[in-house]
Chemist: 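Mind having a look at this structure? Questions to follow.
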Amino acid sequence: MDAIQASERSESGDPDRSPLANRLLVQIPANRAEEFWYLGADYGAGIVVSGGQALSAVSLHKEELAQRPVMVDRRRYAGAKRPSGTTLFTQSWIQTQRQMRLPVVLTDSGYVGRADRSALVAILEQTVRAGTEVTAVLPLSASWLADDEVKHLIGEINQHRVPVALVLEHTADPLATQWAVRGLKHLLEQARPAVSLLCTDLSGIGALAHGAAWVAVGVTSSLRHLYPADRPGPPYGTLPTKYAIVPRLLSFMRVERILEGWAHTQQHDDLVEDLWRCACAECGNRTMDRFATCADVSLAAHNASVLDDLQQQVTSPASWASAIDGALGWYQWIEDEYHLIWEPPRFMNAWLPRSQR
């Protein structure tokens, strides 16, 4: 990187200079902030409090803000009546974050739909005017990661020279296709300002491995991606279906399916029980059938701890590919030994196509 490019990156949020460099955060709903506030506190994990009441929720813990990174995401871009990205930022939202001395000030951006270039530019221009230490939240239709659109996206980010945090919209998983992952990789390689991800899931680990500054993984499915306006998904801030990460399968899995796998282990003495046993800090080597009755916060603590362990292991694109390949081996083992055909999550083939295995 030449001197001019290095200077641009430093001014625009170089991840190597940020207090959040290569950090994995937990994204929690503001209306349940007290319940989830201490997730990951023992090992310094940061949190992103999400929703219109996020600032109020964080203010209740202002004496603790120096202990670990805390950010707020208004999620103004979500829901059926979401404003466009051309909508003006709320200045008090930005100023209050500064007064609280939060490590990163996030904009309360509106939504950027398919090919809505005016909304994209409006968010970036407002972020430039907002001053230093402000990151532009970019809630984007996943179509922005397609080949032609991502080139325009990179060009605008580089022209405005402000760090950005992506929120990707999809009915299920925005990074479940090879073209979307290819676009994200290209963005992470070519954008000079820092690029981060909000509202993501296990693909956030892959994004970190490929150069994202920081990522935030949601504790609920509603906070693991952005649902389209006409398909809002589960009620915001609730846990209608419980999901837990099965470490060896590298997957957020419905608890009911985990119980199904556990039941097969109990019925056949020759099947390996360790697949359903977790050694994370929350589980302490207990078996995962406990998820059927454990509290939501314990389940979330398990997920956060597993993610933290995974981040320590995945430090490069090669190690991310290796983690996926290992998980796919376990899915094949389940088919061979349990005679259960469970399709691996689509993000695995998106990040590691069959032709590369």
Side-chain angles (χ1 to χ4, degrees), residues 1-18 20-24 85 104 106-107 109 112-128 132 134-170 174-200 203-216 225-226 314-321 347 350-353 356:
M1 183 183 296
D2 60 35
I4 294 175
Q5 200 172 25
S7 174
E8 287 177 347
R9 186 138 181 131
S10 174
E11 292 171 4
S12 306
D14 182 348
D16 293 331
R17 296 168 61 90
S18 166
L20 292 173
N22 199 42
R23 291 294 290 266
L24 178 71
V104 171
L106 296 177
T107 63
S109 309
V112 182
R114 179 186 297 269
D116 190 349
R117 298 187 174 189
S118 60
L120 172 66
V121 170
I123 291 172
L124 294 173
E125 287 182 346
Q126 289 188 78
T127 305
V128 171
T132 59
V134 179
T135 290
V137 174
L138 291 183
L140 304 172
S141 162
S143 61
W144 276 99
L145 295 178
D147 290 345
D148 291 339
E149 291 301 294
V150 80
K151 292 176 183 176
H152 183 81
L153 177 61
I154 292 167
E156 292 292 351
I157 291 171
N158 285 344
Q159 179 180 338
H160 289 87
R161 302 200 299 183
V162 291
V164 300
L166 309 182
V167 181
L168 299 174
E169 178 194 53
H170 198 270
L175 293 172
T177 60
Q178 291 177 26
W179 63 263
V181 168
R182 183 171 61 247
L184 177 62
K185 288 179 181 179
H186 188 53
L187 173 60
L188 293 171
E189 290 169 359
Q190 298 298 319
R192 289 194 294 271
V195 176
S196 306
L197 275 74
L198 286 163
C199 303
T200 189
S203 280
I205 300 293
L208 284 174
H210 282 266
W214 52 263
V215 303
H225 66 284
L226 173 62
V314 175
T315 57
S316 65
S319 56
W320 174 234
F347 80 84
W351 285 95
L352 185 64
Q356 298 179 17

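All of these numbers come straight from a predicted model, not from anything done at the bench.
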Chemist: Test side-chain contact (heavy atoms from CB on, under 4.5 Å) on L166 and L140 and set out the steps.
Modeler: CA-CA 7 Å; L166 309 182; L140 304 172; 4.0 Å; yes
Chemist: Taking all non-hydrogen atoms of both residues into account, name the closest pair between V215 and A207 and its distance.
Modeler: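 The answer is CG1-CB, 4.2 Å.
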Chemist: How far apart are the closest heavy atoms of G85 and I123, and which atoms are they?
Modeler: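 Heavy atoms of G85 and I123 come nearest at O-CG1, 3.4 Å.
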Chemist: Excluding sequence neighbours, so at least two apart, what forms side-chain hydrogen bond (donor to acceptor under 3.5 Å, both in side chains) with S118?
Modeler: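 For S118, the residues satisfying side-chain hydrogen bond (donor to acceptor under 3.5 Å, both in side chains) (neighbours in sequence not counted) are D116.
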Chemist: Within a strict 4.5 Å, meaning less than it, do heavy atoms of the L175 and L168 side chains meet?
Modeler: yes
Chemist: Kindly give the heavy-atom pair with the smallest separation between H186 and V150, and that separation in Å.
Modeler: CD2-CG1, 4.0 Å
Chemist: Mind checking whether T127 and V137 have side chains closer than 4.5 Å, heavy atoms only?
Modeler: no
Chemist: Which residue pairs pass the salt bridge (Lys or Arg N to Asp or Glu O under 4.0 Å) test with at least one member in residues 138-153, sequence neighbours excluded?
Modeler: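 Matches after skipping sequence neighbours: R117-E149, D147-R182.
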Chemist: For A165 versus L198, what's the shortest heavy-atom pair and its separation?
Modeler: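 For A165 versus L198, the nearest heavy atoms are CB-CD1, 4.0 Å.
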Chemist: So, do H160 and V121 sit near enough that their side-chain heavy atoms are less than 4.5 Å apart?
Modeler: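 Yes; the side chains approach each other to less than 4.5 Å.
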Chemist: Quick one: which of L188, L187, V181 gives a side chain to side chain contact (heavy atoms under 4.5 Å, CB included) with K185?
Modeler: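 It is V181, the one option of L188, L187, V181 that forms the side chain to side chain contact (heavy atoms under 4.5 Å, CB included) with K185.
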Chemist: The criterion is side-chain hydrogen bond (donor to acceptor under 3.5 Å, both in side chains); which residues satisfy it with W351, sequence neighbours excluded?
Modeler: S203
Chemist: Going by side chain to side chain contact (heavy atoms under 4.5 Å, CB included), name the residues that satisfy it together with T132, two or more places apart in sequence or in a different chain.
Modeler: none
Chemist: With sequence neighbours left out, what residues match H170 under side chain to side chain contact (heavy atoms under 4.5 Å, CB included)?
Modeler: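 Side chain to side chain contact (heavy atoms under 4.5 Å, CB included) check on H170 returns A172, P174.
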Chemist: Would you mind reporting whether C199 and L226 have side-chain heavy atoms less than 4.5 Å apart?
Modeler: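 Not in contact.
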Chemist: Sequence neighbours left out, what passes side chain to side chain contact (heavy atoms under 4.5 Å, CB included) with T177? Give chain and number order.
Modeler: W179, A180, R346
Chemist: Any non-hydrogen side-chain atom of P193 less than 4.5 Å from a side-chain atom of V162?
Modeler: no
Chemist: Heavy atoms, side chains only, cut-off 4.5 Å: are H210 and L184 in contact?
Modeler: no
Chemist: At what distance, to the nearest 0.5 angstrom, does CH2 of W214 lie from CG of L208?
Modeler: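 Result: 10.5 Å between the selected atoms.
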Chemist: How close do S316 and A209 get, counting heavy atoms only, and between which atoms?
Modeler: O-CB, 3.5 Å
Chemist: Less than 4.5 Å apart, side chain to side chain, heavy atoms only: is that true for V164 and L124?
Modeler: yes
Chemist: Not counting sequence neighbours, which residues clear side-chain hydrogen bond (donor to acceptor under 3.5 Å, both in side chains) with T107? List them please.
Modeler: S109
Chemist: Could you walk me through whether W144 and L120 pass side-chain contact (heavy atoms from CB on, under 4.5 Å), step by step?
Modeler: CA-CA 10 Å; W144 276 99; L120 172 66; 3.8 Å; yes
Chemist: OG1/T200 to CZ/F347 distance, rounded to the nearest 0.5 angstrom?
Modeler: 10.0 Å
Chemist: The criterion is side chain to side chain contact (heavy atoms under 4.5 Å, CB included); which residues satisfy it with Q159, sequence neighbours excluded?
Modeler: E156
